[in-house]
Number of protein chains: 2
Amino acid sequence: MADPDVNEVFEKCLGCRYMVGILRHIQAGVNRPGQLERAVDGLTAKVLSERLRRLVEFRVVEKQSYAETPPRVEYHLTPFGARLLEIVEEVERLQKEATRA
Amino acid sequence: MADPDVNEVFEKCLGCRYMVGILRHIQAGVNRPGQLERAVDGLTAKVLSERLRRLVEFRVVEKQSYAETPPRVEYHLTPFGARLLEIVEEVERLQKEATRA
DNA sequence: CGGAATCCAAGAAGATACTG
DNA sequence: CAGTATCTTCTTGGATTCCG
């Protein structure tokens, strides 16, 4: 990114529909588009590819293409993406605490 | 919240336009709607009140009304909200690191 | 299979006017 | 000053189709 603005990570990445679900599946080893599409409820191929492009743009995931037939593509978390996921977990914990209280 | 879903915090709170800006101003002591509206560039009264309602709903901020004339209202971070802001800071740090790398 | 293009429906946001 | 209601505009997401 040219202008690393924290607002953008939230508005254009984490805040978009399906994003947290997609990321968690990637984290769990669901790395191919077709699998992600089936794994995340309601998610369509078009929206998924938009999300993945956005995640690559923000350096949250990295794309790997293999010159095979049929073509295979995999997405993996970057170190930044991995930290981001930890933070999502942290928010989830905070939320549960706050709810219990 | 009845159903504390971490997706919702991102999609309906942090991921919305102006949200991070609004929260940071509240954190910095800009607690009244009128002041927030002037402080956050491009933000209108209508959108601001939507955001504030959402933040109250998610227990990120608390609303305090004073029976004065003219009426005065203040919004303050809850403990959960304060932790959330710390996390925003953390993401910002990570982002800068990732950019430097 | 992965992904881009198109078209349409749904939701978010901007502008304005109005009430307590 | 704070907040709601209405209307319009723009952006996002959903369904389908086509290409490499």
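In what follows, every chain begins at residue 1, and chains take the letters A, B, ... in the order their sequences are listed.
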Check your understanding: Picking from D:dG3, D:dA15, D:dG13, which would you name as closest to the side chain of A:Thr44?
Key -> D:dA15
Review point. Is any NZ, NE, NH1 or NH2 atom of the basic residue among B:Glu97 and B:Arg100 found under 4.0 Å from an Asp or Glu carboxylate oxygen of the other?
Key: no
Check your understanding: Rounded to the nearest Å, what distance is computed from the CG atom of residue A:Leu43 to the C1' atom of nucleotide D:dG14?
Key -> 11 Å
Point to revise | Residue-phosphate contact under 4.0 Å: A:Tyr75 side-chain N/O, C:dG3 OP1/OP2 | key: yes
Revision key, fill the gap. Separation of D:dG13 atom P from A:Arg54 atom CZ, nearest Å, is 8 Å
Check your understanding: So, the side chain of A:Tyr18 versus the backbone of A:Gly42: is there a donor-acceptor pair under 3.5 Å, distance only?
Key -> yes
Practice item. Salt-bridge test for B:Arg83 and B:Glu90: reply yes if a basic N is under 4.0 Å from a carboxylate O, no otherwise. Key: no
Study note, to complete from the structure: Of the candidates D:dA2, C:dA13, D:dG14, the side chain of B:Arg17 sits closest to C:dA13
Review point. Does B:Gln95 offer a backbone N or O that forms a donor-acceptor pair with the side chain of A:Arg59 under 3.5 Å?
Key: no
**Study point:** Shortest side-chain distance from B:Lys63, nucleotide among D:dG13, D:dG3, C:dA4
**Key:** D:dG3
Practice item. Could you check which of D:dA2, D:dA5, D:dG14 has an atom nearest any side-chain atom of B:Arg32? Key: D:dA2
Review point. To the nearest Å, how far apart are B:Glu11 CD and C:dA12 C1'?
Key: 13 Å
Check your understanding: Expressed in angstrom and rounded to an integer, what is the separation of B:Glu37 atom CD from D:dT4 atom P?
Key -> 14 Å
Review point. In terms of side-chain heavy atoms of B:Pro71, which of C:dC1, D:dC1, D:dG13 is nearest?
Key: D:dC1
Exercise for review: Provide, to the nearest angstrom, the distance between the CG atom belonging to A:Leu48 and the P atom belonging to D:dA15.
Suggested key: 14 Å
Check your understanding: Between A:Ile22 (CD1) and C:dG2 (P), how many Å, whole number?
Key -> 14 Å
Review point. How do B:Arg38 and B:Ser49 order along DNA chain D: which one's closest nucleotide is nearer the 5' end?
Key: B:Arg38
**Study point:** B:Lys12 NZ - C:dG11 C1' separation (whole Å)
**Key:** 12 Å
Review point. B:Tyr18 side chain N/O closer than 4.0 Å to the phosphate oxygens (OP1, OP2) of C:dA12?
Key: no
Exercise for review: Using modelled atom types only, decide if a donor and an acceptor are shared between the side chain of A:Arg51 and the backbone of A:Leu23 within a distance under 3.5 Å.
Suggested key: no
Practice item. In whole angstrom, give the distance that lies between atom CZ of A:Arg53 and atom P of C:dG3. Key: 10 Å
Review point. Does B:Lys46 have a side-chain nitrogen or oxygen under 4.0 Å from the phosphate oxygens OP1 or OP2 of C:dC18?
Key: no
